[in-house]
Structures are given as structure tokens and as C-alpha cells.
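For reference, the structure is listed below as C-alpha cells.
Values below: all heavy atoms of this structure, side chains included; hydrogens, waters and symmetry mates excluded. Chain A is the first sequence line, chain B the second, and so forth, proteins listed ahead of strands; every chain is numbered from 1.
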Amino acid sequence: MGGAPYSFEIEIPRRYFDVGLSASSGQMFRWKQTANSEWVGANGKHWFRVRVLDGREAYRVESSGPPTVFQSLFRLDWDAADVTETLTRLGPELEPYLQAMPGLRLTRSGDAVETFFSFLCSANNHISRITGMVNHLAAYGPRLEVVDVIDLHRFPRVATLAKVEEAELREKGFGYRAATITQIARELESRGGEAYLRSLGAMPYERAQIELLGFKGIGRKLADCIALFGLDHTEAVPIDTHIWQAATRLYFPHWQGTALTDRKYEEASAFIRNRFGRLAGWAQQALFYENVVNWRTRK
DNA sequence: CATTGACCTGT
DNA sequence: CAGGTCAAT
């Protein structure tokens with residue numbers, strides 16, 4: 001299956017890159033930790049298997065792709081020390097959140113189609129179920145490899161997903177999202193499919209946002225997730241319930257406990273974007289995941 | 001604009 | 001209720 005895999009080492013301190021944390025922090029949904037504590041996952045057309053090297057600040061990676069694919073996926077071309085320093089300078093209030101999550105990186109999906117459909121599954125849902133649904137969708141793509149009993153598929157193309165029937169997804173437990181996903185798949189195909197989607201990555205963030213909002217079923221939050229995690233618009237700041245908690249605590253105390261409306265979404269999102277610029281998405285990820293992990297104890 | 005309820009399913 | 005969105009009011 002797929003020929004001989006690539007095998008290479010990535011040398012980097014854990015505090016700058018924690019592969020498990022980055023892979024399981026809600027940016028991608030196809031990674032698993034195996035019994036022998038390796039991380040195995042897929043993104044787009046590639047699969048990966050990552051192991052921590054004993055007593056060293058390095059990883060051993062096996063993959064269907066060359067090192068550049070892995071490096072791009074985890075955005076290793078960005079210097080985490082530099083990013084952290086800049087973020088703390090622009091927003092000292094971020095420091096405890098960044099320190100609480102060492103090694104958490106903003107990722108960069110190699111497949112806008114996968115990210116697009118993954119976040120369609122995420123609305124009003126929790127991570128464990130999103131994971132199941134994304135893996136159901138991935139199973140429509142060809143199998144790339146089996147690693148430690150884990151089936152790794154190439155994420156299907158738009159044309160394939162556009163042919164899936166709503167009833168079929170209902171049977172797989174997609175609930176009401178079965179309808180939106182199949183409809184949006186067809187709408188996406190009629191707009192030009194993957195090529196159209198990728199073109200949104202080349203547009204300014206604001207225009208890509210408008211395009212995405214044109215899909216019935218994609219609101220501001222999903223549009224920002226797709227822009228940030230799938231289209232490399234790193235200035236996008238999705239505001240979900242967790243970020244809203246953090247944002248009101250840090251920046252809008254007079255809005256604490258109030259509902260998130262369209263206007264407040266715009267204001268909070270733009271505020272964070274203006275504060276951190278192209279690093280806003282990275283800041284958002286630190287805030288988001290720190291809140292996911294610690295929200296119980298904070299309440 | 002802001003508010004409200006419906007919407008699948010699983011913990 | 002969960003990393004929301006839409007339609008109606």
C-alpha cells in the first residue's frame with residue numbers, strides 16, 4: 001500500500017512542539033495516540049506516525065510524505081520562541097495561557113477540503129463526536145495505510161462527498177448535520193469544488209469570509225475556523241463559547257455572562273485580530289485550548 | 001440589532 | 001449541554 005514510507009527525524013524542544021497536544025487540540029480530528037504512545041494520524045492525502053525519541057528533544061516520523069509535508073502541517077516554519085515572545089509583548093495577558101500549554105502550535109492543514117468538512121461537523125457538537133463523524137467522512141476516501149490497526153484514509157474529494165445521500169449520513173449518526181453536509185457538498189461542487197476552496201486562501205481574509213458565509217449552514221464561527229485552520233488565514237479569530245469566556249474575562253468584562261450576538265462577535269474577533277495581527281490565530285488557539293482544559297476548574 | 005427555539009446524538 | 005446556525009419575532 002503506497003510504497004515505502006519516508007522516515008526522518010525532527011529535532012525540536014518539546015516546549016516548542018508537543019505533537020500530541022497540537023494534534024489533539026481541536027484543529028484536526030484524525031489523530032490517535034497508540035498503546036505504545038506513538039501518535040498516528042492523517043491529513044488530506046498523507047498519513048503520519050510519530051514517536052518521541054528516548055531522552056532526546058526529537059521525534060522520529062514515518063509518513064507517506066516527505067519532511068516538508070509534516071513540517072508544514074505543524075507549521076514548523078514558524079519559530080515558536082519568536083511567536084510566543086511577540087504574543088507576550090503585544091498582549092502580556094496571554095502569558096499564563098501560553099505557559100499553561102507549552103508545545104501547542106497553530107497547525108496548517110494540507111487539505112482545505114478536509115478542514116472544510118471537519119468544521120461542518122463541529123457546530124453545536126463536542127469533540128468526541130466530531131472525531132467520529134470526521135472519520136466516517138474520511139472513510140469515503142481510499143485507504144492509504146493501516147498503522148497499528150488504525151485505518152488511515154485519504155480524505156475524499158468534493159465530487160465524492162457531493163454524491164453521498166443524506167439518508168446514508170443519517171444512518172451513520174450525523175443527525176441534522178446529514179442534511180447540511182450533503183447540501184453544502186453539492187453547493188461547493190457547483191462553485192468549483194476544491195479549486196474554488198483553495199482560491200479562498202489566496203483572497204484577503206475578509207473576502208474569503210464573505211464567500212464562506214454564502215453557504216447556508218456556515219455562520220461566522222465555522223467560516224473563521226475554515227479560514228484559520230484550512231485556508232491559512234492566520235489572522236482569523238473564531239469566537240466560540242470558550243473564546244467568548246476568555247475574551248469577556250480579559251477584554252470585555254462588561255459583557256461577562258451575556259450572550260454572544262453578531263455585533264459582539266465582530267467586535268471581539270476584530271479586537272483580537274487587531275491586537276495580534278497575523279499571530280491572532282495562534283493566540284486564539286492558546287486561549288481556546290487552555291479554556292477547554294481548564295474551564296471546569298475555573299467555573 | 002437582540003432574543004428565542006428548534007435541531008441530532010451522546011455523555 | 002456540546003467549539004452554532006437559521007428563521008421568526
- Query: Separation of A/Leu260 atom CG from C/dA2 atom P, in whole Å?
  - Reply: 13 Å
- d(OH, A/Tyr265; P, B/dA2) in whole Å: 15 Å
- Query: Looking for any heavy atom pair under 4.0 Å, which part of the strands does A/Gln27 touch: base, sugar-phosphate only, or nothing?
  - Reply: base
- Check: A/Tyr59 ring centroid to A/Phe17 ring centroid under 6.0 Å: yes
- Query: Separation of A/Lys264 atom NZ from C/dG4 atom P, in whole Å?
  - Reply: 16 Å
Restricting to nitrogen or oxygen on both sides, can you table the protein-nucleotides 9-11 of chain B pairs closer than 3.5 Å?
{"unit_1": "B/dT9", "atom_1": "O4'", "unit_2": "A/Arg129", "atom_2": "NH1", "d": "3.1"}
{"unit_1": "B/dT9", "atom_1": "O4'", "unit_2": "A/Arg129", "atom_2": "NH2", "d": "3.4"}

- May I ask you to evaluate whether A/Thr261 reaches the phosphate of B/dA2, defined as a side-chain N or O under 4.0 Å from OP1 or OP2? yes
- Message: Heavy atoms only, 4.0 Å cut-off, all strands: where does A/Ile127 land among base, sugar-phosphate and nothing?
- Response: base
- Item | Pairwise P distance for B/dC8 and C/dA7, with rounding to whole Å | 14 Å
For residues 161-168 of chain A, which side-chain N or O atoms pair as donor and acceptor with protein atoms under 3.5 Å away, sequence neighbours left out?
{"unit_1": "A/Glu168", "atom_1": "OE2", "unit_2": "A/Tyr140", "atom_2": "OH", "d": "2.6"}

- Can you tell me if CZ on A/Arg207 sees more than 12 non-hydrogen neighbours from other groups inside 6.0 Å? no
- Message: Return the CG to CD1 distance between A/Leu137 and A/Ile181, rounded to the nearest 0.5 Å.
- Response: 5.5 Å
- Message: Can you list every stem that DNA chain B is part of, counting only runs of 3 or more consecutive Watson-Crick or G-U wobble pairs with both distances under 3.5 Å?
- Response: B:2-7 with C:4-9
- Distance, rounded to the nearest Å, where A/Asp240 contributes CG and C/dC1 contributes P: 17 Å
- Query: Would you say A/Arg198 has more than 12 foreign heavy atoms packed within less than 6.0 Å of its CZ?
  - Reply: no
- Message: So for A/Lys221 and C/dG3, does any side-chain atom that can act as donor or acceptor lie under 3.5 Å from a complementary atom in the base?
- Response: yes
- Message: Checking A/Pro96 now: which residues fulfil side-chain contact (heavy atoms from CB on, under 4.5 Å) with it, not counting sequence neighbours?
- Response: none
- Integer-rounded Å distance: C/dT5 P and A/Phe119 CZ: 12 Å
- Message: According to ring pair (Phe, Tyr, Trp, His ring centres under 6.0 Å), does anything in residues 189-222 of chain A pair up with another residue at least two apart or in another chain? List the pairs.
- Response: A/Phe116-A/Phe215
- Task: Remember a base hit wins even if backbone is also touched, and classify A/Ser118 as base, sugar-phosphate or nothing at under 4.0 Å, heavy atoms.
- Result: nothing
- Message: What is the separation between atom CE on A/Met133 and atom P on B/dC7, rounded to the nearest whole Å?
- Response: 17 Å
- Item | Between C/dC1 (P) and A/Ile130 (CD1): distance, integer Å | 18 Å
- Message: Salt bridge or not between A/Glu38 and A/Arg49? Use side-chain N to carboxylate O under 4.0 Å.
- Response: yes
- Could you state the CG-P distance from A/Leu104 to C/dG3, rounded to the nearest angstrom? 16 Å
- Side-chain contact check for A/Arg263: nearest option of B/dC1, C/dT5, B/dC8 is B/dC1
- Taking atom types as modelled and ignoring hydrogens, do the side chains of A/Tyr251 and A/Glu93 form a donor-acceptor contact shorter than 3.5 angstrom? yes
- Message: Taking the six-membered ring for Trp, are A/Phe48 and A/Trp31 closer than 6.0 Å centroid to centroid?
- Response: yes
- Item | Separation between the C1' atoms of B/dG5 and C/dC1, rounded to whole Å | 15 Å
- Task: Please measure how far the P atom in B/dT4 lies from the corresponding atom in C/dG3, and state the result in whole Å.
- Result: 23 Å
- Side-chain ion pair, A/Lys32 and A/Asp148, N-O less than 4.0 Å: no
Identify the pairs formed between an N or O of the protein and an N or O of nucleotides 6-9 of chain C at a distance under 3.5 Å, and give each distance.
{"unit_1": "C/dC6", "atom_1": "OP1", "unit_2": "A/Gly217", "atom_2": "N", "d": "2.8"}

- Pair A/Arg278 + A/Glu235: basic N to acidic O under 4.0 Å: no
